[in-house]
Number of protein chains: 2
Amino acid sequence: MTETEASPRRRPSMLDVAETAGVSKAAVSKVIRNAYGVSPAMRERVEAAIRELGYRPSIAARSMRGASFTLGFEIPQLANDFFTQVMQGAADELAGSGYQLFVAPAVGDVQGAPVLQALRDRRVDGIVAISPDAAPEWLEQLGVEVPLVLLGRHDPSRSYDTVTSDDAAGARLAMAHLIELGHRDIAHLTVDASPQVPEELLPHTRRLHAYTEAMRQIGAQACVVSGGPLELQARDAAWELLSGPGRPTAVFAANDTLAIGTLRARAELGLNADELSVVGYDNIDLASHPLISLTTVDQRGHETGAIATRLLLDRIRTGRAEAHHEVIAPALRVRGSTRPPEEQQPG
Amino acid sequence: MTETEASPRRRPSMLDVAETAGVSKAAVSKVIRNAYGVSPAMRERVEAAIRELGYRPSIAARSMRGASFTLGFEIPQLANDFFTQVMQGAADELAGSGYQLFVAPAVGDVQGAPVLQALRDRRVDGIVAISPDAAPEWLEQLGVEVPLVLLGRHDPSRSYDTVTSDDAAGARLAMAHLIELGHRDIAHLTVDASPQVPEELLPHTRRLHAYTEAMRQIGAQACVVSGGPLELQARDAAWELLSGPGRPTAVFAANDTLAIGTLRARAELGLNADELSVVGYDNIDLASHPLISLTTVDQRGHETGAIATRLLLDRIRTGRAEAHHEVIAPALRVRGSTRPPEEQQPG
DNA sequence: ATGAAAGCGCTAACAG
DNA sequence: CTGTTAGCGCTTTCAT
């Protein structure tokens, strides 16, 4: 009486499938890749064996020769609903494509390059990145090695694609709106920029320049406050700006998260929209909430993510090498957070 | 004159490093793994070669024998700030550990199990998951194959750890608060539950039961509305609830995203906190914003993520097999969204 | 149309 | 302490 060998409960490998189906590994490989040159009969038997064994190919092993069927998405900050919106757009576009999306958040001072490296080390088939502080030359090199799309960069890149809002135009929209309402004392709240990257390539510095230019045109004094990217950091920065003397009548915040932080400070200081107008940039979902009602510049995050994904898949599937540069036209969304300035108080 | 061979610009492999350093691959392997048994001299030479070549180990190849140094985090929904908060906690805890965190968002109807499979196929070293609709037996099997921690599950699991809020206690806190304020017409807004999972294992159904029980105790009629998990879906559900006859004086929403949606409907219908109190669950950052000021139950998302990560690393590093079940004590945060009900209007 | 065999880049025995 | 030798599970020529 022969003992049935206790099955080691090992994950079935391609060899197991091949043996159960009575064919070669190569045949199994062709079937799972839908490769050319398999008879219907063979396909039938192999698929039956796969089902019977509950076989799943090891992506790790596949990655060594072929594709990993994995796309990496690097984001610099988790607590920013705009990025969530972009990711959602990317994820939706990817549905049913056979690719799995992995989001690699930058955390602490592990920003940009190291995260992109981590993605690359894991042999992802393509990368979408929002890396405001990666140097263009470095990205150019990465783009040669792996299909790459950058969001929110105005780089005239050759090896990677870009998708970005027309930030100068968007910022002009915001400023024109405030100025038309009658504001002249307009402050700008932005985030500290990386020294690694030429100024003109980044959204925040472009918006800043448009702000400065607009102020110059109306002959007003520019006032720029800059700090961290988190809502509470923006609150702190705004608090300082608003509680001091010579408080502005309006704040143009470089993105919606900063704007929400400004609204927090405004409310905490007992001010309302008549006393301080606030404009943001992004049009996150929350901006349309009636309790927030934030005037902002729409840069269609969901669509941005979808476009980026399409560009990436195109690069992967067709091997395209020429860079594409998509620019999203911004649109102003006027809501309750902006009002004409109050009548000047008599001295 | 010998032509210099055009270097194929291939990524340097371990063999290249070994040759440049004049040692064996095994030696290089030991160095990069900080393994036992390398002389300082050897380490020196190998590290020099690594620097010279700009060598980076292929994680794909490492994954086939050893570890992938990658942790997977599955979340069911991107547009929920509570999940973001948990992810942030996990990411912070992981900083400097040498592990890279990959977030795999569920998208469309690709929820739970398929996403976890995708993670497993890629040989991640461990998984943190928020899978409200994965069957316990299935998870039990997965837990045998890979270190696994589930968030927001009350499963008496044997192969995986769980971290969860004491949802019944938290919901009781919320209900007691409303009842103490004088409310009796309290509706509950929740999300549709998966039929795959026993009710008593999920946060939302636990909260629902606590609600029903509280209503029974005060002899009031329960009113439960259920819909999708998105803020705008909650807005729609709440709109229906609030615009019909017999409008409740308070809504207990099963999470903060639903509560924010309820606040949206409330404001759109021209109602304020005196006319409708709203309580949420999670205490997302936005809840403390003065323009939202949402009374809610704090379940410390950041800490939840950190604890989950610690449990996972412990499983990975020590090989622990016994399951741990952490319960987070909830705390009520009273804010402006809850008030005593208005005086009854005369018929 | 199918299969044998050689790797992909690494880790893990084991031998020296 | 160091190097040799097998694989890990797949893809890919290249025969047949």
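Only this structure's heavy atoms are used, side chains among them; waters, hydrogens and symmetry mates stay out. All values derive from a computational prediction rather than experimental measurement.
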Whole Å only: how far is the [atom1] atom of [X] from the [atom2] atom of [N]?
X       : N       : atom1 : atom2 : value
R43(B)  : dC1(D)  : CZ    : P     : 11 Å
M14(A)  : dC10(D) : CE    : C1'   : 6 Å
L15(B)  : dC8(C)  : CG    : C1'   : 12 Å
N34(B)  : dA12(C) : CG    : P     : 14 Å
E19(B)  : dG9(C)  : CD    : P     : 12 Å
K30(A)  : dC10(D) : NZ    : C1'   : 14 Å
R123(B) : dT11(C) : CZ    : P     : 15 Å
K25(A)  : dA6(C)  : NZ    : C1'   : 10 Å

Does OP1 or OP2 of [N] have a side-chain N or O of [X] closer than 4.0 Å?
X      : N       : value
S13(B) : dC8(C)  : no
R62(A) : dG9(D)  : no
S58(A) : dG9(D)  : no
R65(B) : dG9(D)  : no
Y55(A) : dC10(D) : yes
S29(A) : dT11(D) : yes
R33(A) : dC10(D) : no
S63(B) : dC8(D)  : no

Between [options], which nucleotide has the shortest distance from any of its atoms to the side chain of [X]?
X      : options                  : answer
S24(A) : dG3(C), dT11(C), dA1(C)  : dG3(C)
M42(A) : dT2(C), dG9(C), dA12(C)  : dT2(C)
A61(B) : dC10(C), dT4(D), dC10(D) : dC10(C)
M64(A) : dC1(D), dT4(D), dG9(D)   : dG9(D)

(message) Quick check: on DNA chain C, is the nucleotide nearest F69(B) upstream (toward 5') of the one nearest A41(A), or the reverse? Name the residue that is more 5'.
(response)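 Between the two, 5'-proximity favours A41(A).
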(message) Need one value for V23(A): base, sugar-phosphate or nothing, where a base atom within 4.0 Å counts as base even if backbone is also close, heavy atoms only.
(response)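 The answer is sugar-phosphate, as V23(A) gets under 4.0 Å only of primed atoms, P, OP1 or OP2.
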(message) Once you apply a heavy-atom cut-off of 4.0 Å, does A27(A) come out as touching a base, just sugar-phosphate, or nothing?
(response)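 A27(A): backbone/sugar contact only, no base atoms under 4.0 Å.
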(request) May I ask you to decide if I130(A)'s main-chain N or O and E74(A)'s side chain share a donor-acceptor pair within less than 3.5 Å? (result)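 Pair found, side chain donor or acceptor close to backbone of I130(A).
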(message) Keeping E326(B) on the side-chain end and T164(B) on the backbone end, is there a donor-acceptor pair under 3.5 Å?
(response)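 Not a single qualifying donor-acceptor pair exists.
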(request) Any chance you could measure T70(B), atom OG1, to Y99(B), atom OH, to the nearest 0.5 Å? (result)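 The distance works out to 9.5 Å.
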(message) If I take atom CG from residue L101(A) and atom CE from residue M87(A), how far apart are they, to the nearest 0.5 angstrom?
(response)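 The CG atom of L101(A) sits 7.5 Å away from the CE atom of M87(A).
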(message) Need to verify one output field. Residue with the more 5' nearest nucleotide on DNA chain D, A67(A) or A26(B)?
(response)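 The answer here is A26(B).
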(message) Less than 6.0 angstrom from the centroid, inside 45 degrees of the normal: does R122(A) satisfy that with respect to the ring of F102(B)?
(response)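 Relative to the ring axis of F102(B), which defines the angle, R122(A) lies inside both limits.
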(message) Regarding D16(B) and R11(B), does a basic nitrogen lie under 4.0 Å from an acidic carboxylate oxygen?
(response)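 Judged by the 4.0 Å cut-off on N to carboxylate O distance, D16(B) and R11(B) do not form a salt bridge.
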